Amino acid sequence: MSSPVPTVSQVLTDLVAQAVAAAGHGDLALPVEPASPAGNRQHGDYQSNHAFRMAKPLRSSPRAVAEQLLAHLPPHPAVARAEVAGPGFLNLHLDEAWLCAHLVAQVSDPHGGQPQDGAGRTVVIDYSSPNVAKRMHIGHMRSTIIGSTLDRLYRATGYRVVADNHIGDWGTQFGMLIVAWRRWLDAAAFEADPVGELERLYVAFREAAKEDPALEDLARAETAKLQAGDPENRALWQRFIAISLVEFQGVYDRLGVRFDEVLGESFYNPALPGVVADLLAAGIAEESDGAVVVRFSADHAVKAVRDKILVIRKQDGAFLYGTTDLATLEHRLSTWAPAGIVYVTDGRQQLHFQQVFAAWRAWRTARGLDPDAVALDHTWFGTLRLPEGHMGTRLGNVIRLVDLLDEAVRRARAVVDEKSPQLSETERAAIAEAVGVGAVRYADLSQNPQSDVVFEWDRMLALDGNTAPFLMYSYARCRSLQRKGEVRPEDVDLSALAVSHELEGALVRLLLRTPEVVAAARAGHRPNLLCDHLFETAQAFNRFYFELDVLKAETAALKASRLALVEASARVLGRGMAVLGVPALERM
RNA sequence: GCCCCCGUAGCUCAGUGGAUAGAGCAACCGCCUCCUAAGCGGUAGGCCACAGGUUCGAUUCCUGUCGGGGGCGCCA
């Protein structure tokens, strides 16, 4: 329907590429370094550092090459002025009328000017993956929130995404649970909080087994019966899964998380003997002390796996999660033919995934198949710890995810009640829910995923400064202004946009950069880049809002222009917040 | 022992092979008769752990040292 809108960086990079060709250096086979926003306003809007790259092969000075590029730079409406500065920077000062027109084109585009570079490609994203029969705690938060944001980033850039929740629904804990269920079930407690009761039963079992080791044997027997298809155990197991999924869904609905598939570990169970047999037959795996292992050589290309062993079948014949991961990989590849698979887990699983990937690649090669048919990516995040140390069900210091959300909403509610007492009870409750949950999501997303996190309530639940509520407030201000001015967003004449003040110019430039930032955040699996940018953009909006009059602007033209800028801001912020999973409210 | 991450303002953290390293919080000084003060402006705060190297340019890349976290055959 509409032609795609290039990013500003793309327009300028193309221009530099043309200058390279016009200067007769098109044969350098050197990809043109993308033009980047200038670090300092005095250095223009964007800068091209490509002359530095070209200088060496040309045996010339960067400065001289930059001068040459400048001389051959084709005229373009975007560029008001270009100059060479310092040792060889090509500084580009952009034309504000062009910037405005480009911003209007961007925000009018169905994709918000977001290049759809993933069009036609599929990516599977594996995230959240909680264990059945346990309530989700804050340890599940990072995978869920970061994963769902990667999901949104990929979709925003045109990919077809298969979000797959690989839940932990298989394993020896079910035997324990079945034993405990039959002995100690508190029916009333189960009625009130089903998964909470399952969790209590599990902990009770572990406690009791310390005193009475015979319980372990009973549990093993029940696990074996379950795996052999015993109808009673199987029915119980299915019930555990069903109630757990209901519980998870409650959290997912609040967090704005949804999956395309929920294929738990048990789904792959039937395939596991075949995987092991195949790997043995292919010579990838071998028997060792009664177990089956994949052994990696001391000079393996992947340094991390050197001299390491991946066990895929235990001495007792049971399979491990590495086995399941291999079967899962095969299934995903044959079912969805993805260009990539992204696993979002804790950083402590780095070695595990390196081993699984290496084993799978060797297996592919042994079958005469392309090991590079799919890009495997383990996107890991830093460990979440409590100020006092580690957290665990058995340590008894877990913070449940629902409790975190409830506390966030409670704090948000106190602020809403104070700031907006005129709103109805229902509306204040809805705002508090959105603000609280948004704050939690943003707190996790706004730092580098790979940093370790020490969980602190006040930081996680902050409502001022660089937080989701700040973005939400900025957006709500746009809408408030439109209501007061009695303009419907869809009626705003965007073409009236012009820059008459440097605060407007700064805002326009930031709004225009958003698609570049979304692309970078997706490519680097770094949602925090988008958080930073939206925060900066919202700050620029608030400065504009504070300093300049919109509805009371001196002239009709100025008012029209500023209303256009407000609408453009609302669209960009709203779109960006949607990618982060932070709700955009009409008022707060 | 080997492998992976981290060390940036008082605190919590961003950041990039580019020009003068940023934000939030905390501290201090200001701004609501005016479109939402969940906001805006200002002051103060730094050997980017340390030492070498790579180059036009290193906080960023490489090597080493020190300090912290994590992982390393039958848990996930």
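Numbers restart at 1 for each chain; the letters A, B, ... are given by sequence-line order, proteins then strands. Just so it is clear, the model here is predicted, and its values are computed rather than measured.
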*asked:* Please classify the glycosidic conformation of B/C32 as syn (within 90° of 0) or anti (everything else).
replied: syn
Please report, rounded to the nearest Å, how far the [atom2] atom of [N] is from the [atom1] atom of [X].
{"X": "A/N466", "N": "B/C13", "atom1": "CG", "atom2": "P", "value": "14 Å"}
{"X": "A/F353", "N": "B/C3", "atom1": "CZ", "atom2": "P", "value": "23 Å"}
{"X": "A/K303", "N": "B/C62", "atom1": "NZ", "atom2": "P", "value": "10 Å"}
{"X": "A/H378", "N": "B/G70", "atom1": "NE2", "atom2": "P", "value": "17 Å"}
{"X": "A/L529", "N": "B/A14", "atom1": "CG", "atom2": "C1'", "value": "9 Å"}
{"X": "A/H352", "N": "B/C74", "atom1": "NE2", "atom2": "P", "value": "14 Å"}
{"X": "A/Q173", "N": "B/C75", "atom1": "CD", "atom2": "C1'", "value": "10 Å"}
{"X": "A/Y475", "N": "B/G39", "atom1": "OH", "atom2": "C1'", "value": "19 Å"}

*Name of the residue among A/M588, A/E586, A/R587 meeting side chain to side chain contact (heavy atoms under 4.5 Å, CB included) with A/R479*: A/E586
Can you see if the side chain of [X] gets near the phosphate of [N] - specifically, an N or O under 4.0 Å from OP1 or OP2?
{"X": "A/N542", "N": "B/U36", "value": "no"}
{"X": "A/N448", "N": "B/G15", "value": "yes"}
{"X": "A/S451", "N": "B/A14", "value": "yes"}
{"X": "A/K419", "N": "B/U36", "value": "no"}
{"X": "A/Q539", "N": "B/G24", "value": "yes"}

Proximity to the side chain of [X] - top-ranked nucleotide from [options]:
{"X": "A/Q447", "options": "B/A76, B/A19, B/C13", "value": "B/C13"}
{"X": "A/K314", "options": "B/G41, B/A23, B/C75", "value": "B/C75"}
{"X": "A/K552", "options": "B/A19, B/C25, B/C35", "value": "B/C35"}
{"X": "A/Y545", "options": "B/A37, B/G57, B/A14", "value": "B/A37"}
{"X": "A/L551", "options": "B/U36, B/C35, B/G57", "value": "B/C35"}
{"X": "A/E265", "options": "B/G69, B/A76, B/C74", "value": "B/A76"}
{"X": "A/K308", "options": "B/C35, B/C72, B/C56", "value": "B/C72"}
{"X": "A/L351", "options": "B/G71, B/C25, B/C35", "value": "B/G71"}
{"X": "A/R477", "options": "B/U36, B/A14, B/C4", "value": "B/U36"}
{"X": "A/F546", "options": "B/G15, B/C74, B/C40", "value": "B/C40"}

Tell whether [X] reaches the base of [N] with its side chain through a donor-acceptor pair below 3.5 angstrom.
{"X": "A/Q47", "N": "B/A19", "value": "yes"}
{"X": "A/Y473", "N": "B/A38", "value": "no"}
{"X": "A/N49", "N": "B/A19", "value": "no"}

NA contact type, [X], heavy-atom cut-off 4.0 Å: base, sugar-phosphate, or nothing?
{"X": "A/A476", "result": "base"}
{"X": "A/R587", "result": "base"}
{"X": "A/A304", "result": "sugar-phosphate"}
{"X": "A/Q315", "result": "base"}
{"X": "A/D549", "result": "base"}
{"X": "A/R306", "result": "nothing"}
{"X": "A/D307", "result": "nothing"}
{"X": "A/F535", "result": "sugar-phosphate"}

Considering only atom [atom1], compute the distance from [N] to [M] and round it to an integer number of Å.
{"N": "B/C66", "M": "B/C50", "atom1": "P", "value": "16 Å"}
{"N": "B/C61", "M": "B/G15", "atom1": "P", "value": "12 Å"}
{"N": "B/U8", "M": "B/A14", "atom1": "P", "value": "11 Å"}
{"N": "B/G10", "M": "B/A44", "atom1": "P", "value": "15 Å"}
{"N": "B/U20", "M": "B/U59", "atom1": "C1'", "value": "14 Å"}
{"N": "B/C28", "M": "B/G67", "atom1": "C1'", "value": "34 Å"}
{"N": "B/G22", "M": "B/A9", "atom1": "P", "value": "14 Å"}
{"N": "B/U60", "M": "B/U54", "atom1": "P", "value": "15 Å"}

What closest approach, in Å, do [X] and [Y] show between heavy atoms, and which atom pair accounts for it?
{"X": "A/R459", "Y": "A/A443", "value": "O-CB, 4.4 Å"}
{"X": "A/S244", "Y": "A/V132", "value": "OG-CG1, 3.4 Å"}
{"X": "A/L280", "Y": "A/E287", "value": "CD2-N, 4.3 Å"}
{"X": "A/L263", "Y": "A/D164", "value": "N-OD1, 3.4 Å"}

*A/F353 vs A/F357 aromatic rings, parallel, tilted or perpendicular, using cut-offs 30° and 60°?*
tilted
*Checking A/K314 against A/F319: charged group under 6.0 Å from the ring centre and within 45 degrees of the axis?*
no
*With both distances under 3.5 Å as the test, what is the Watson-Crick or G-U wobble partner of B/G1?*
B/C72
*Could you tell me which nucleotide pairs with B/C25 by Watson-Crick or G-U wobble geometry, both distances under 3.5 Å, or answer none if nothing does?*
B/G10
_From CA spacing to verdict: ring-ring contact (aromatic ring centres under 6.0 Å, His included), A/Y127, A/Y343_ = CA-CA 6 Å; A/Y127 64 93; A/Y343 298 80; over 10 Å; no
*Residue met sooner reading RNA chain B from 5', once A/R313 and A/A412 are mapped to nucleotides*: A/A412
*asked:* Go nucleotide by nucleotide along RNA chain B from the 5' end; which of A/I431 and A/G465 gets its closest nucleotide reached first?
replied: A/G465
*asked:* Looking at A/Q422, I'd like to know if its CD atom is crowded, meaning that more than 12 non-hydrogen atoms belonging to other residues, nucleotides or ligands lie closer than 6.0 Å.
replied: yes
